[in-house]
Every structure is written in structure tokens, then in C-alpha cells.
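Structure record follows, encoded as C-alpha cells.
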Amino acid sequence: MTTMTETSARFREFKMPDVGEGLTEAEILKWFVQPGDTVTDGQVVCEVETAKAAVELPIPFDGVVHELRFPEGTTVDVGQVIIAIDVAPGSGDAPAPTPAAAPAQEPVEAAPADSGDAPKGRTPVLVGYGVAESSTKRRPRKGATAAPEAAAVAAAVQAELNGHAAPAAAAPAPAVPAQGGAPDGGRPLAKPPVRKLAKDLGIDLATVVPTGKDGIITREDVHAAAAAVTAPVAAPAPSSAASEAPAAAVASASARETRIPVKGVRKAIAQAMVGSAFTAPHVTEFVTVDVTRTMKLVAELKEDKDMAGVRVNPLLIIAKALLVAIKRNPEVNAAWDEANQEIVQKHYVNLGIAAATPRGLIVPNIKDAHDKTLPQLAAALGELVTTARDGKTSPAAMAGGTVTITNVGVFGVDTGTPILNPGESAILAVGAIKLQPWVHKGKVKPRQVTTLALSFDHRLVDGELGSKVLADVAAILEQPKRLITWA
């Protein structure tokens, strides 16, 4: 299927694609174009965030941007048109764009019981995966305790911090719908996005005074009701732009707490970690090791001309050590197939590297890491980390991992008990490398020491196998020449 539709010979529409396998929605993080801008085939027009990653979307044709159907911060279903392009500008007057805040095709409905479930049936998938049978549920709604819009509250808080007296609170309007708001005593009239906004803000539509035509409740009415009910200071009426963009972090009026919506990548991480922790029986083992020789090797490799242009650090040697340990103990590189009750042995290693990003912890992986030379592994590590920090990691880069490394030592932490990445058999945590007293050749000397922790799925890996893998990694880091003798 395609992600664009042709409304006429002149105007073409681009739909929200499924940028991962089977995803049903994505949030528009940022528009890189505005109406009137000229675009070319392949040009990135926006960045969206799914449950897996943030992804840039290129437009597949040339033209001039006619309209943006949704503002930044809006969660859009796969298959909905997000941008219209005039592919024949100058050939006549274009019709007026549909306002992004209230698309013309959205019906006005009396608020029904809102289950939040998507219709059952075939789900559109727009990037080459065909269509999937599903009864997919939409993203769960936020609870009624969600905080009001950030802009009004933050302004009041800032006024207090600056020493200005906050204006007196406006008296809330009587909780009676205006005439026509609920005809014949029925449910209030509001468009679906407005009903969702009211639910997110914990506002009962029956208490909102409608100002729209024919007694329809508008977004501004809901925001006004939220400000009147929850804010101890008078909040200015939100602008149309502010009313569309959900707050990333909402401070309470007293500045005693902050509420951060859990969505996108961060939400997917939370769900995956809960699922992993309560489905795979975790076992964690620890070993403390003298890595002085490894640190010397790192220093020597930094000066080696064969390693020019790539970043050399202890993580590179640790990654190579883990790959050698897996080669010596291949049974550890496996997955559990619950449906078929089988252990799936992997004959390749996609090495995951946990990376902290502004959107949360993600785990992209180096494909076929077992086949890479040390310089190739160093280059792949550097590219992986840079891409993750820039927020450009694709869903494909995070799929198919087999074993992961998490470096908690960069935060000064000695060790931890890491949770398995879902679908993987083991994860190695690397602690801080510190100068410590150590018995070396019969004498107490200062040595570079670290603690390793290996968590593994006990359905796949028994204590003996897990111990062998961890002991092999430790032995290599203590005597790095084993990278050659054991490879």
C-alpha cells in the first residue's frame, strides 16, 4: 500500500505510515515545514515518535505545502492524512486549508460511553507490510487526575518566583450547561478530540458552558473550565497553538510536583521491562576483576594507526570479550519460544548496547557483531552511540537483539542487577573502573578494578553456563591476550 492519496491532479495527501511493524499510531513531534514552503521528493517534513523510536518522515513528491492537518504534539492514527501538497502550484486558486485544530471531517457527537477501544478488524499498515488482522486497542487514556495545561500554570509559578503577586483566582462559572449544550437533557455536544481533551484534563463535559455554534463545546471551553476548577490563579485563555500541544512536563500550581506523561518510547520501555521482569526468571551473578592490563591495552590502541578515526575505550574491549565468551559458550545465545515451548539457538550475535537518551533508555544493537574485527566493532559502537544521542535510532536498529551490555560505570556505579531486554537471554552490566588495593603477585598494590554482573534467563541458561560466560569475560579483561588465544 502507499502512504499518499491523490485528491486531484493538483493536490496530493501524505498519510501517517506505519514506521514500525504493526504500530497503530504515532505522535507528531516536530514539523520542519509550514504552509507555503517548497518541498522536494525525499525531503524530511516532520519527526514522529512511535512506541519504538523517533523517526523522520520524508515526503515522496515535489510541490508546495498546502496544509498541515495536525499540530505538533498530536497523536495520529496510522492511515490519517497529515499533510497536503500542491504539486502544481500557480495553476489556480487553491481551496482554503482545513484548520489543523478541528478537521472538517470530524463529526460532532453527543458524548457516548468512551471505551477507548479501536474497531476490530483489519488494521491498515502503510509501509509494505500489507494489512494485519487485529483487535488492537488504542493507547489507554490518561486518568482523571491529569494536570491542566502547562502554559497557564507555569506562568503563575514564574510570577511567584519573580516576586510578583499572582492575580486573584477567577470565580468559576456555574456548573450548568448553556442552552443547547445538552438538548432534551441529553449528553453535551462536542467533537471527539474535545471529548478526549476533557477526559485527559478530568473535566466533566456536563459542567462546561458551551460557546460554540448550536451549543457545541469547544476546546477553549474545556481549557477555561480546567483553569477555573484547578488553578488557584487566573490563567490566561490559551492560544490556539498552546491548546493543541500537550505538555511534556506539567508543573502543579504550587510547584511541589511535576507530572510527566508516559508515552512513546518511554512507555514502551516501561511495559517491556515489566513484561521481562515477570515472565523471564532472572538470575544475576557477579565477579570483581583486575582490569589493569585491559586499561593499558586501551591506551596502546588509542595510539595505534589501525584504530585511527574510531573511538577506543574500555567498552570496546568488554564488548569483544563478551563476543569471545559467547563463541566459547554458544548455548547462552538463545531465545525462549513460549508458543512452541522451544529454545531457539542463535548462530549470530546482535549485540545490544544500552544508551541513555532524552527520551529514555533505548537498546539499539550491532547486527552480526560476532563477524566484526576490532576496528569495525569500534566504528559500529561509535555510530550506534552517536545516533542514539541524536535521537535518530530507527525501530529496525532496536529489533532482533540477542545479548546486551549496559555500562552503569559511567555514572560512578559499582554494579547492578540489570533486567533482560525482552526476547534476549543475557545482559552484562559493567561497573565503574576504580583504582583499588589488590593482591597482585603476592603483594598489595593499587590496581584498576571493576565489578561485572551478568543477568540471564534461567529457562535458557543454567548456573553452570552463566558462570562460565561471566568467568570467561572476566578472564579476558584480566589477561586481554586471551582475545587472541581464545578467538
Side-chain angles (χ1 to χ4, degrees), residues 285-334 345-353 365-385 401-407 409 425-436 438-442 445 447-454 456 461 464-487:
E285 295 186 339
F286 308 88
V287 64
T288 302
V289 58
D290 176 3
V291 295
T292 304
R293 291 186 178 91
T294 287
M295 299 304 290
K296 290 181 179 178
L297 175 61
V298 169
E300 291 171 1
L301 288 175
K302 287 181 178 180
E303 304 300 324
D304 194 311
K305 63 179 182 179
D306 291 332
M307 302 297 289
V310 296
R311 185 178 180 185
V312 178
N313 56 25
L315 180 61
L316 171 63
I317 307 303
I318 293 166
K320 192 66 174 178
L322 179 58
L323 293 170
V324 172
I326 292 172
K327 182 179 180 181
R328 285 167 55 86
N329 305 277
E331 298 86 357
V332 76
N333 189 40
Q345 185 75 49
K346 304 294 180 65
H347 303 299
Y348 59 91
V349 181
N350 289 345
L351 183 62
I353 304 294
N365 60 75
I366 299 171
K367 310 299 184 187
D368 294 323
H370 64 290
D371 280 339
K372 298 188 181 299
T373 64
L374 196 64
Q376 290 171 341
L377 187 61
L381 274 171
E383 182 180 355
L384 178 149
V385 172
T402 61
V403 176
T404 290
I405 296 176
T406 178
N407 185 9
S425 59
I427 178 170
L428 178 71
V430 182
I433 298 174
K434 298 178 180 180
L435 197 63
Q436 296 182 23
W438 193 263
V439 177
H440 178 67
K441 296 181 179 180
K445 295 183 178 180
R447 304 286 288 180
Q448 298 283 353
V449 176
T450 191
T451 299
L452 307 174
L454 183 72
F456 48 87
V461 183
E464 179 185 11
L465 178 58
S467 299
K468 285 182 177 179
V469 173
L470 185 58
D472 279 358
V473 174
I476 294 170
L477 296 182
E478 187 174 19
Q479 294 283 355
K481 65 182 181 182
R482 292 189 172 111
L483 287 173
I484 300 172
T485 59
W486 287 1

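Predicted model only: the values in this text are computed from it and were never measured.
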After noting the C-alpha distance and the side-chain angles of Val449 and Val289, does the key distance pass the side-chain contact (heavy atoms from CB on, under 4.5 Å) rule? CA-CA 6 Å; Val449 176; Val289 58; over 6 Å; no

Main-chain N/O of Leu477 paired with Thr294 side-chain donor or acceptor, under 3.5 Å: yes

Between Lys296 and Glu300, does any side-chain N to carboxylate O distance fall below 4.0 Å? no

Donor-acceptor pair, side chain of Thr288 and main chain of Thr451, under 3.5 angstrom: no

May I ask you to decide if Ala475's main-chain N or O and Asp472's side chain share a donor-acceptor pair within less than 3.5 Å? no

Mind checking what makes side chain to side chain contact (heavy atoms under 4.5 Å, CB included) contact with Ser467, not counting sequence neighbours? Glu285

Identify, with sequence neighbours excluded, every residue that meets salt bridge (Lys or Arg N to Asp or Glu O under 4.0 Å) alongside Arg311. none

Salt bridge (Lys or Arg N to Asp or Glu O under 4.0 Å) filter on Glu303, not counting sequence neighbours, yields none

At what distance, to the nearest 0.5 angstrom, does CG of Leu297 lie from OG1 of Thr292? 12.5 Å

Distance-only, no hydrogens or angles: does the Asn350 side chain make a donor-acceptor pair with backbone N or O of Asp368 under 3.5 Å? yes

I'd like to know if the side chain of Thr404 reaches the main chain of Ile427, judged simply by a donor and an acceptor atom lying under 3.5 Å from each other, with no hydrogens or angles considered. no

If the condition is side-chain hydrogen bond (donor to acceptor under 3.5 Å, both in side chains), which residues does Thr402 pass it with, not counting sequence neighbours? Asn333

Contact summary for Leu483 and Lys320, nearest pair of heavy atoms: CD2-CG, 3.8 Å

Contact between Pro314 and Ile433 at the side-chain level, heavy atoms closer than 4.5 Å - yes or no? yes

Mind checking what makes salt bridge (Lys or Arg N to Asp or Glu O under 4.0 Å) contact with Lys434, not counting sequence neighbours? Asp414

By side-chain hydrogen bond (donor to acceptor under 3.5 Å, both in side chains) - contacts of Gln479 (at least two apart): none

